[in-house]
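One is the number of the first residue; the rest follow in order along the sequence.
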Amino acid sequence: MTHVVTDNCIKCKYMDCVEVCPVDCFYVGESMLVIHPDECIDCGVCVPECPAEAIFPDTDDAATPFWLELNKTYAERWPNILQKREPPADAKEWDGAPDKFARHFSDKPGSE
Ligand code: SF4
Ligand code: F3S
């Protein structure tokens with residue numbers, strides 16, 4: 001059981017989720033964050049903290065196998081993030097934009 005970060009995090013990247021996670025299991029890419037599935041204790045406190053509503057439990061339909069795999073893969077490649085940073089200046093404009101993964105996902109690591 002884990003929670004999963006999904007499409008709407010991309011280019012919003014508010015990072016409020018990082019502040020509340022009791023086990024520090026968020027990892028940072030250039031365009032989004034992911035959750036390490038083996039570290040998440042499924043507490044759910046990050047879900048209401050995300051202004052972009054991008055986090056779901058793996059029991060939710062939004063947590064598709066694609067997103068489960070992406071979280072797992074990049075949690076192994078990107079650095080752990082322990083503190084909220086300044087979100088992108090245009091974060092609000094990207095909230096709800098379609099096809100963010102296809103258009104704007106970056107596999108590059110972000111800064112911790
Ligand atoms: Fe962290 Fe809890 Fe969210 Fe998992 S569900 S990422 S443990 S805050
Ligand atoms: Fe992304 Fe929401 Fe966290 S936009 S960085 S999952 S607060």
Side-chain angles (χ1 to χ4, degrees):
M1 296 289 281
T2 181
H3 277 58
V4 183
V5 184
T6 62
D7 201 63
N8 207 32
C9 178
I10 297 170
K11 286 181 89 66
C12 285
K13 204 181 171 185
Y14 284 111
M15 293 171 276
D16 297 35
C17 51
V18 171
E19 292 286 290
V20 298
C21 180
V23 293
D24 295 331
C25 64
F26 282 92
Y27 292 77
V28 58
E30 187 178 42
S31 61
M32 72 178 291
L33 266 55
V34 291
I35 293 169
H36 197 306
D38 299 335
E39 296 174 2
C40 174
I41 57 168
D42 239 13
C43 68
V45 300
C46 56
V47 173
E49 295 300 320
C50 175
E53 299 179 7
I55 306 173
F56 296 91
D58 64 3
T59 49
D60 194 288
D61 287 348
T64 59
F66 174 85
W67 288 109
L68 280 161
E69 195 55 37
L70 185 137
N71 277 246
K72 188 177 161 64
T73 300
Y74 288 99
E76 303 284 353
R77 296 188 192 168
W78 292 344
N80 194 205
I81 179 168
L82 305 175
Q83 266 189 316
K84 178 180 160 82
R85 305 289 176 202
E86 194 62 36
D90 57 355
K92 238 191 172 122
E93 291 162 37
W94 288 103
D95 191 354
D99 293 332
K100 286 205 235 177
F101 178 77
R103 296 178 186 175
H104 305 293
F105 175 75
S106 163
D107 63 1
K108 295 195 185 99
S111 41
E112 300 158 49

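- By the 4.5 Å heavy-atom criterion applied to side chains, V5 and L70 are not counted as neighbours.
- Looking at heavy atoms from C-beta onward, K92 lies in side-chain contact with Y14 at the 4.5 angstrom threshold.
- Across F26 and C46, no two heavy atoms sit closer than the pair CZ-CB, 4.0 Å.
- Judged purely by distance below 3.5 Å, without hydrogens or angles, the side chains of Y74 and E69 never pair a donor atom with an acceptor atom.
- Here the side chain of K84 pairs no donor or acceptor atom with the backbone of V18 at under 3.5 angstrom.
- Side-chain atoms of D58 come within 3.5 Å of backbone atoms of T2 as a donor-acceptor pair (strictly under, hydrogens ignored).
- Side-chain contact check for P87 versus K13: every heavy-atom pair is 4.5 Å or farther apart.
- Atoms CZ and CG, on R77 and D107 in that order, are 7.5 Å from each other to the nearest 0.5 Å.
- With rounding to the nearest 0.5 Å, the separation of CG in N80 from SG in C25 is 8.5 Å.
- Interatomic distance, I35 CD1 to C21 SG, rounded to the nearest 0.5 Å: 7.0 Å.
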Under the side-chain contact (heavy atoms from CB on, under 4.5 Å) rule, what do W94 and H104 come out as? Steps first, then yes or no, please.
CA-CA 10 Å; W94 288 103; H104 305 293; 3.2 Å; yes
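- Placement of V23 and V45 in two distinct hydrophobic clusters is found when ILVMFWY residues are connected by side-chain heavy-atom separations under 4.5 Å, directly or transitively.
- Taking the six-membered ring wherever Trp is involved, the centroid distance between the rings of F56 and W67 does not fall below 6.0 Å.
- The line from CD of E112 to CD1 of I81 is 8.0 Å long, rounded to the nearest 0.5 Å.
- A distance of 13.0 Å separates NE2 of H36 from CH2 of W78, quoted to the nearest 0.5 Å.
- With hydrogens and angles ignored, the 3.5 Å screen pairs a side-chain donor or acceptor of D7 with a backbone N or O of F101.
- F105 and I55 fall within the same hydrophobic cluster, where Ile, Leu, Val, Met, Phe, Trp and Tyr residues are linked whenever their side-chain heavy atoms come under 4.5 Å apart, directly or through other members.
- Between T59 atom OG1 and M1 atom CE the span is 5.0 Å, to the nearest 0.5 Å.
- Closest approach of R103 to P98, counting heavy atoms only: NH1-O, 4.0 Å.
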Evaluate the criterion side-chain contact (heavy atoms from CB on, under 4.5 Å) for residue pair L33 and C17; output intermediate values, then yes/no.
CA-CA 9 Å; L33 266 55; C17 51; 3.8 Å; yes
Carefully, step by step, assess D90 and E93 under the rule side-chain contact (heavy atoms from CB on, under 4.5 Å).
CA-CA 5 Å; D90 57 355; E93 291 162 37; 3.9 Å; yes
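- The closest side-chain heavy-atom distance from P22 to I41 is below 4.5 Å.
- Side chains of D16 and C50 form no contact here, defined as non-hydrogen atoms less than 4.5 Å apart.
- A donor-acceptor pair is defined here as one N or O able to donate and one able to accept, closer than 3.5 Å; no such pair exists between the side chain of S31 and the backbone of I10.
- Checking each of K100, M32, E53 against N8 for a side-chain contact (heavy atoms from CB on, under 4.5 Å) leaves exactly one that passes, namely K100.
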